[in-house]
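Before any comments, here is the structure.
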Number of protein chains: 2
Amino acid sequence: MHTIPESNIKDAAQGLRAIAHELRLGVLCHLLNGPMCVNELIEATGASQSNLSQHLSKMRLMGIINNEKRGQQVYYEIANPEFFNLVHVLKQIYCPEMCQAVTEAEH
Amino acid sequence: MHTIPESNIKDAAQGLRAIAHELRLGVLCHLLNGPMCVNELIEATGASQSNLSQHLSKMRLMGIINNEKRGQQVYYEIANPEFFNLVHVLKQIYCPEMCQAVTEAEH
DNA sequence: TACATAAATTAGAACTTGATAATATAATGT
DNA sequence: ACATTATATTATCAAGTTCTAATTTATGTA
């Protein structure tokens with residue numbers, strides 16, 4: 001069966017909501033390259049400290065990312081390697097111009 | 001590069017929002033088995049007519065599904081086959097109990 | 001100890017989303 | 001033409017989300 005059972009739909013929808021935001025999805029993409037601390041993410045995204053912190057908190061509560069304190073900094077990283085695949089699929093859907101070569105090769 | 005370029009992040013986040021809801025994700029999953037008309041989806045999901053219609057409308061505007069009128073009925077179907085892959089990844093993440101066998105075989 | 005830096009928390013306003021109920025439109029059968 | 005069935009639209013209200021500004025907590029350092 002190629003579907004999500006009813007019992008898990010709620011969790012999956014909640015998980016999607018956790019990344020269904022420009023800034024949060026941007027953070028997820030940055031973290032694909034490895035762990036980053038909050039200041040680095042502020043730099044990378046241009047978000048305000050408070051705003052970013054709140055989004056990171058939400059992503060952490062939703063199980064998208066984990067954090068680890070190293071001295072004065074808090075480093076965030078992707079919690080589940082499946083998110084690499086998720087981003088890959090999103091790229092297929094929303095960056096068609098980047099994926100045309102592959103798509104054409106399949107025909 | 002395994003990431004979504006900034007220029008497409010907004011679209012991707014918006015697309016995610018279009019399915020980041022229990023009912024809409026449920027509809028998407030039902031449509032994986034083929035086109036369905038509104039009444040069938042009402043049956044399948046238990047949603048009210050008006051509510052479902054509004055969610056279908058949103059998913060259509062966001063490019064997740066297409067519709068086609070056949071006589072008195074309107075049939076909806078998935079707009080992009082990549083959504084099969086998206087659901088597959090979601091299953092890996094949010095239905096771990098269903099995927100354990102595969103995961104263990106990989107070790 | 002006092003100060004600086006990193007990050008989290010809180011409160012509140014503005015905006016968005018989702019559900020319901022009521023109404024409208026469109027196709028079909030009598 | 002009239003009733004019936006299928007779907008869409010509109011208005012409204014409650015609930016949820018997001019941003020900003022201010023405050024707090026924790027860590028490292030002079």
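Chain identifiers are assigned alphabetically (A, B, ...) following the order of the sequence lines, protein sequences preceding nucleic acid strands; residue numbering begins at 1 within each chain.
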Could you tell me which residues satisfy ring-ring contact (aromatic ring centres under 6.0 Å, His included) with His30(B), sequence neighbours excluded, listed by chain and number?
none
Test side-chain contact (heavy atoms from CB on, under 4.5 Å) applied to Glu43(B) - qualifying residues, sequence neighbours left out
none
Hey, what do you get for CG (Asn8(A)) to CD1 (Ile93(B)), rounding to the nearest 0.5 Å?
12.5 Å
Expressed in angstrom and rounded to an integer, what is the separation of Met62(B) atom CE from dT16(C) atom C1'?
11 Å
Donor-acceptor contacts, no H, no angles, side chain residues 14-29 of chain A, under 3.5 Å, sequence neighbours left out:
| from | atom 1 | to | atom 2 | distance (Å) |
| --- | --- | --- | --- | --- |
| Arg17(A) | NE | Ala20(B) | O | 3.1 |
| His21(A) | ND1 | Leu23(A) | N | 3.0 |
| Arg24(A) | NE | Ala18(A) | O | 2.8 |
| Arg24(A) | NH1 | His55(A) | ND1 | 3.0 |
| Arg24(A) | NH2 | Arg17(A) | O | 2.9 |

Write out all pairs satisfying side-chain hydrogen bond (donor to acceptor under 3.5 Å, both in side chains) with one or both partners inside residues 70-84 of chain B, taking only residues at least two apart or from two chains.
Asn67(B)-Tyr76(B), Glu82(B)-Asn85(B)
Between the protein and nucleotides 3-6 of chain D, which nitrogen or oxygen pairs come in under 3.5 angstrom?
| from | atom 1 | to | atom 2 | distance (Å) |
| --- | --- | --- | --- | --- |
| dT5(D) | O2 | Gln72(B) | OE1 | 2.4 |
| dA6(D) | OP1 | Asn39(B) | ND2 | 3.2 |
| dA6(D) | O5' | Asn39(B) | ND2 | 3.4 |

Between P on dA7(C) and CD on Glu68(A), what's the gap in Å once rounded to a whole number?
13 Å
Please tell me which of the listed nucleotides, dT10(C), dG18(C), dA26(C), lies nearest to the side chain of Lys69(B)?
dA26(C)
Whole angstrom is fine here: how far is it from CD in Gln49(A) over to P in dA26(D)?
15 Å
What pairs with Gln49(A) under side-chain contact (heavy atoms from CB on, under 4.5 Å), at least two apart in sequence or on another chain?
Ile42(A), Ser53(A)
Just to be sure I understand the rule, does Arg70(A) reach a base, reach only the sugar-phosphate, or reach nothing, if contact means heavy atoms closer than 4.0 Å?
nothing
Within residues 52-61 of chain A, which residues have any heavy atom lying less than 4.0 Å from an atom of DNA chain D?
Gln54(A), His55(A), Lys58(A)
Hey, does the side chain of Tyr76(B) come within less than 4.0 Å of dA8(D)'s phosphate (OP1/OP2), counting only N and O?
yes
In whole Å, I'd like the distance from the CG atom of Leu23(A) to the C1' atom of dT20(D).
14 Å
Kindly compute the distance separating SG (Cys37(A)) from CD (Glu68(A)), expressed to the nearest 0.5 Å.
12.0 Å
Sequence-distant partners of Ser48(B), side-chain hydrogen bond (donor to acceptor under 3.5 Å, both in side chains), two or more places apart:
none
What residues 6-18 of chain B contributes to the DNA chain D interface at heavy-atom separation below 4.0 Å is none
Which is more 5' along DNA chain D, the nucleotide nearest Ile42(B) or the one nearest Asn51(A)? Just name the residue.
Ile42(B)
Nearest-Å distance, CG (Leu41(A)) to P (dA7(C))?
9 Å
Please confirm whether any donor atom in the side chain of Ser50(A) sits under 3.5 Å from an acceptor in the base of dA7(C), or the reverse.
no
Mind checking side-chain contact (heavy atoms from CB on, under 4.5 Å) for Asp11(B) and listing every partner two or more places apart, or none if nothing turns up?
Tyr94(A)
Checking Ser57(A) now: which residues fulfil side-chain hydrogen bond (donor to acceptor under 3.5 Å, both in side chains) with it, not counting sequence neighbours?
none
Asn67(A) atom CG is separated from dA6(C) atom P, nearest whole Å, by 17 Å
Looking at residues at least two apart in the chain, or sitting in another chain, which of them share a side-chain contact (heavy atoms from CB on, under 4.5 Å) with Glu6(A)?
none
